[in-house]
Amino acid sequence: MAFKIGLLGLGTVGAGTAEILLSPDGRHPLLQELEICRVGVRDISRTRSLQLPENVLTTDLEAIATDPEVDIVVELIGGLEPARSLILQAIANGKHVVTANKAVISRYGQEIFDAANAKGVYVMFEAAVGGGIPVIQTLKQSLGANRIQTVIGIINGTTNYILTRMQTEGADFAAVLADAQQLGYAEADPSADVDGLDAADKIAILASLAFGGRIKLEDIHCEGIRQVSAADIDYADKLGFVIKLLAIAQDIESTPDEEMLSIRVHPSFVPKTHPLASVNGVYNAILVEGEPIGQLMLYGRGAGAGPTASAVVSDIMNIAAILKTETVPIPHPLLSCNHQHYSKIAPMQELVTRFYARFLTRDTPGVIGKLGTAFGNHKVSLESIVQTGIHGNLAEIVVVTHDVKEGNFQKAIDEIRAMESIDSIATILRVL
Ligand code: HSE
């Protein structure tokens, strides 16, 4: 018996998925039982190198989502609409769904999974986070015995590529971004990547799997990498750090009665000795800490046709395996969504972390003393304070704090900003 696949989209990932499905030799035998039955595209007349079965192409995507022949709808068109509506239509028509769409899953998860549970179908999304890295299945299944404490990811390849090049070339953000756009490593509109929104969608998904509740995207604090300069990267290097865009989900002192998470995306100083510090270029990595497993890190390609298609096809295979072994599929306790509540996310003021801050000040006597006093006034203890350079008539002072409450740090910063001797606060970054 063959399982019939309806593919929505034949772009980079769609074509990569079709390529695997069309060449099953040497892969798992279950692949021999998967058949591409229909493929939805925008333009049928485009020349394609794929040897697709005859007459499978159509521009009518809804016809695929509702086709009684199709067992599994694979949504690879991306974006919010019509992807969301097509997924819901497929579910309403009793089809299992595989998607790589992090934006739809993170924003419309409740609507989609409630519909899927009511209809008794699966919605699988391994490719939505970390491309080819099997992090979804790892959190859903392999780490089920653990109490997860932290998930920290470098889960946006574009920003990691830009930061890595800034680090190796000493170049500024704008120059590297422009070059990355020319080379096709960054989108013409780079906002989703460089402003951290793509990483926020992804950490929302990872946090909901790690901590067992739904996550509201608007609860996630999100900062991108536009503020990171070559000077910051240079200071980081001298102080023993690299700068990475991290997506962090942490259990901060949850009790059996009250869960409290911190979920955030921001550039961070990462100690050079930390396992995430050596994740460079377009690579992604996810570090999970749990009890009893301790630290576990998954590393690999976070995007691209082959890696992402590898994740898509593994989801298709999981569904096919269930369809093969159960006459009436019942919600698989590890593969279906059983979240009932929204997780409580702590405000950023409650976060305890270290900070790096770079100030441009007038070069007058007592400035360092005034900075130290302002920090002391708000219980912010400093690990180091250095003045290294003079820019025109301004002095550059760099501060690294001990662990402090973010709310206290911000109050100190407000006091410092109002000081006459402070010209500007060039950068503030958190330290891992
Ligand atoms: N735009 C994403 C990134 C790839 O740069 O990692 C797709 O998730």
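Whatever order the structure lists ligands and atoms in, that order sets their numbers, starting from 1.
Residues forming a salt bridge (charged side-chain N to carboxylate O under 4.0 Å, His left out) with R226 (at least two apart in sequence, or on another chain): D195.
A heavy-atom distance below 4.5 Å is found between the side chains of S336 and N117.
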Would you tabulate the side-chain donor-acceptor contacts of residues 405-413 under 3.5 Å, counting partners in other chains and residues two or more places apart, or write 'none'?
unit_1 : atom_1 : unit_2 : atom_2 : d
K405   : NZ     : E350   : OE1    : 3.4
E406   : OE1    : R430   : NE     : 2.9
E406   : OE2    : R430   : NH2    : 2.8

Taking only distance into account, with no hydrogens and no angle test, what donor-acceptor pairs under 3.5 Å do side-chain atoms of residues 203-212 form with protein atoms, sequence neighbours excluded?
unit_1 : atom_1 : unit_2 : atom_2 : d
S208   : OG     : I205   : O      : 3.0

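Residue-level contacts of ligand 1 at the 4.0 Å heavy-atom threshold are K102, N156, G157, T158, D193, D198, K202, A303.
In R301, the CZ atom is not crowded: 12 or fewer heavy atoms of neighbouring residues, nucleotides or ligands sit closer than 6.0 Å.
Between F125 and F113, the distance separating the two ring centers is shorter than 6.0 angstrom.
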